[in-house]
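Worksheet: one structure, shown below.
First the proteins, then the strands, lettered A, B, ... as listed; each starts at 1.
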Amino acid sequence: MAQTNMLAMILAGGRGSRLHELTNKVAKPAVAFGGKYRIIDFPLSNCANSGIDIVGVLTQYESVLLNSYVAAGGRWGLDTKDSGVFVLTPREKADSGFDVYRGTADAISQNIDFIDAYDPEYLLVLSGDHIYKMNYDKMLRFHKEHNADATIAVIGVPMKEASRFGIMNTANDGRIVEFEEKPPKPKSNLASMGIYIFNWKTMRKMLIEDMKNPDSSHDFGKDFIPVMLDEGKALYAYEFKGYWKDVGTIDSLWEANMDLLDSENELNLADTSWKIYTEDTGMTPAYIAESAKIDRAYINQGSAIGGEVKNSVIFSGVKIGPGAKVTDSVLMPGAVVLEGATVTRCLVADHVRIGRNVTVGNKKSEEILLVAKSIKGEDK
Amino acid sequence: MASRAFGVINSASNFIRVEGLHDYRPIGAFSFLGRFRVIDFPISNMSNSGFERIQVCLNSRPRSIVEHIGSGRHYNINSKRGAIQMFFTQNNGASSIYNTDINAYLENIEQIERMPQEYVVIAPSYMIYKQDYEALLDAHIESGTDITLLYHKVDQAKEYFRGCNIVTLNKQKGVESLERNMGTAKERNISMDTYVMSKEIFIDLIKKSRKESSAYSLADMIALSCKELDVRGFQHKGFFAAITSLDDYYRANMELLDYSTSMEFFRPEWPIYTRTTDACPTQYVHGAKVVNSLVCNAGLIEGTVENSIIGRNVHIGKNTVVRNSIILAYNDIADGVYIENAVIDKWAQIRHVKKVVSGSVTPAYVKRNDRL
C-alpha cells in the first residue's frame, strides 16, 4: 500500500456521561454543534484541510450512528483513491482475544496492524470532542524541526483554571520537562490539548511494552507520556493560538455555541479557506416569517421561524411558532417550539417538541437546562 | 425498481432570453431561492422517480452547469448503475439558429440509441415544478398514446409565460396545436415542454427533423406531428414556474416566499437535491430586522430584510434596507443602502450608490461582479 507520511487516529470512544441524555443514543463526538455540525466534523475537517489522507476513528461506545456518519468519508473530501476514514471498533484478532479498548493508548495498540498497513512515518493522535480549527501540517513541521520523538499541542489557559488541565512544564526551547495531570499548584499554564504527534517507529515499540505492563492503565496522559519522559525521549510542546474548547459538559457545550453569536468570534466558521465540512441536509433556506423577530442569532438553513429569537443558535429543521420566545438557548436539529412557548437558557435536544404556551428554563438559572424529552403543552 | 424510462433534460429555445442573468449562464444554472439552481428541479424529479440514466443538453456557456452537476452523486443517482451524461453541441453559439436541442440530440444520437430503456421522459431545464415521472409514464403507457405532453392551466398568460408554447386540446385531451404564447389571452394551457414517448418515436422525430428544417426544435417537431401522431395532454397541478423572462424569474422566487406554498412544494418525501458548499449558518447581529424572507447560509445580516430572498455568503450592512428583492450569492451590500424590487446578480458590491429601486413591475437588475 502507498506510504502515508502522517496518519491520524481520532479517539472517539468516550462515553461523554456529563452530557447526560444527549449521549444516551449517540457517542459524544456525534453530538450536534454550531447550527449544523457534529463535534467530530472539526478534527475530520482539520485532517482533510491539513492534507492528511488516512484517518482512523476509534470508537466503542454507542457507535452505530457515529460509524455510519464517519464512514461516508466523502463529506470531508476524504474519498480519493489513497484516502479514507476508517471506523475502528474493538475486534477479535488471530493472536489475541477480543477485548474492549482499555485506555486511549490501548486503542492505538490494538490497531497497530491497521497503522502498519500504511507504513506512516508519523502518527497524529487526536481527541474527538474538541471544537477548534488547526493546521496539523504546521505542527508536523515544528515536530520535524525539533527532531522530537513526540510533540504535544498545548494552549495557554488562565492560571487560575490551570489546575483543571493536564499541564506541561517546559524548558525555554519548548522541550517538556514535566507533565502534571490536574496539578493543585500549577507551575505553568500550558494545557495539553490532547493532540499528539509521535514518530511511529518509536511509538510502536513503546506501545508493545505498554501492552505487556500489568501496572499500566494504558492511557496517554497517565502512562504513556510519563514513561516517554522517564526514558529521556525528546518531547516538545507546540503552542497553539486560537479558539479551542472542550465541550464535555452541557454548560460548556452551550457556551461554545453562544461564542458563535459574536460576529467577530475567534472560531470564524465563515472563513472559506478553512471550512468545516459536514453532512448536507438538503433543505430550503431559513424561512423567517412576518411574525418573527430576530435579535442576535446564528441560524442554519432548513429552519422556520415565526416567533422571537434572541441570543440563540438554531439548527436545521427547527420550527418556532408565532408568539414563541427563544432566548439564550440552543435548539438542536428538528427541535420544535410551538406557539406561545417560552424557552430560556436551555439546550433543547434533537427533535424535542416544546408544547403550546409551555415555559422552560429560567433567565436567572445558574446552569443551563437540558431539555431532552418533549413537553406537552396546552391543547388548541 | 429501475425505471423503464431514461430522462433527457432539455435547454430553452434560442428565442427565450432572460434579461441580465442570461448573459452569464444558461437558465438551468440560474440560482433559485438562493440555494438551488433551476436544473436541480428536473434532475431531482427524475431521480425521485427512480430514473438511473439522465442526459442533459448544454447548448451554451456550459461551465457553471458542468461544475454544478459534476458526477451527479448529490442527486442520489446510483454511482454504478446510474449516470448523468452531458450533451454538448459543437455548434454552441447561443444565438445561432442552428443551436437547437435537436442538434444536440443528433450529435449524440448514438448515446440515445444505446439507452436500454424503452421510454424517454424529456423535461426542460428552465421550468420549476414537481412531477412524479413514473406516474406520468404509467398514465402514458395505459393510454396507449404516442406522446404525452405535460401542461399547466394558467390565468396570467398575458404578463407571464411569454416564450412558452400554448396547447390547444380537444375534449379527449388530444393536442390539436402547439403555438407560441403571444400574450393575447389570460387563460391558457401552457406546455411544460415535458414529453413522454417511446425511444423509437423520439429517435424518429429527431431524424425526421432534418427533412423539415435545420432550425427546428423538438417542440416544433411535436407541433408539426400532432396531426399524424396521437399526442395527448396530461394536466399538471401544483406550483409551476417557467423562467422565460426576468419578470417570470422574479415572480417564481417571490411566490415561494409564501410559507404554505413553499411547504406544499418542498416535501420531505420529494427532496430537491443540490450541490452543497459547506457554508456555515447565517449570523444575525443585534439590530438586524428580518421578516418574511428566505435566508441562505454563511450570511451576515446587520440591516433590514423584508419580503426578500438572500443567497448564501451575503452581507447586508447596517442601516441598509432590502425589500421585495432577490440578492444572489456573494453579494456585499454596504451600510446605508436602500434596495427595493431588484435582482442583484452574484459577486456585486453596492457601496457608493445608495438607492437601487425599480418603480415598475420588472425588477431592477444589477450585473454580476459589478461595483456600484
Name of the residue among A:Tyr243, A:Phe33, A:Tyr132 meeting ring pair (Phe, Tyr, Trp, His ring centres under 6.0 Å) with A:Phe42 = A:Phe33
query = Where does the angle between the aromatic ring planes of A:Tyr287 and B:Tyr259 fall among parallel (under 30°), tilted (30 to 60°) and perpendicular (over 60°)?
reply = parallel
query = Is it true that B:Arg351 and B:Asp332 have a side-chain N and a carboxylate O under 4.0 angstrom from each other?
reply = yes
ask   = For B:Phe266, is it the side chain, the backbone, both or neither that has a heavy atom under 4.5 Å from a heavy atom of chain A?
value = side chain
query = Do any N or O atoms from the side chain of B:Asn297 and from the backbone of B:Arg312 form a donor-acceptor pair under 3.5 angstrom?
reply = no
Lys/Arg N to Asp/Glu carboxylate O, A:Lys36 vs A:Glu279, below 4.0 Å = no
key: Which atoms of A:Ile305 approach chain B - backbone, side chain, both or neither, heavy atom under 4.5 Å   = neither
Heavy-atom proximity to chain B below 4.5 Å, by part of A:Ile276 = backbone
key: A:Ala289, part contacting chain B, at a heavy-atom distance under 4.5 Å   = backbone
query = Counting distance only, does the side-chain N/O of B:Arg275 pair as donor-acceptor with the main-chain N or O of B:Glu67 below 3.5 Å?
reply = yes
request  = Report yes or no: does B:Thr320 contribute a side-chain atom to a donor-acceptor pair with the main-chain N or O of B:Ala334 at less than 3.5 Å?
outcome  = yes
inquiry  = One thing to verify: whether A:Lys245 and A:Asp259 come together as a salt bridge, which I'm taking to mean a side-chain N less than 4.0 angstrom from a carboxylate O.
reply    = yes
Under 4.5 Å from any heavy atom of chain A - which part of B:Leu256 = neither
remark   = Against chain B, residues from residues 345-354 of chain A with at least one heavy atom under 4.5 Å, in numeric order, are none
request  = Kindly state whether the ring of B:Phe36 and the ring of B:Phe41 have centres lying under 6.0 angstrom apart.
outcome  = yes
query = Side chain, backbone, both or neither: which part of B:Leu300 has a heavy atom under 4.5 Å from chain A?
reply = side chain
inquiry  = Quick check on A:Phe315 against chain B: is it the side chain, the backbone, both or neither that has a heavy atom closer than 4.5 Å?
reply    = neither
task = Under 4.5 Å, counting heavy-atom pairs only, tell me which of A:Ile314, A:Asn311, A:Val309, A:Ile288 racks up the most with chain B.
result = A:Ile288
query = Counting distance only, does the side-chain N/O of B:Ser31 pair as donor-acceptor with the main-chain N or O of B:Arg37 below 3.5 Å?
reply = no
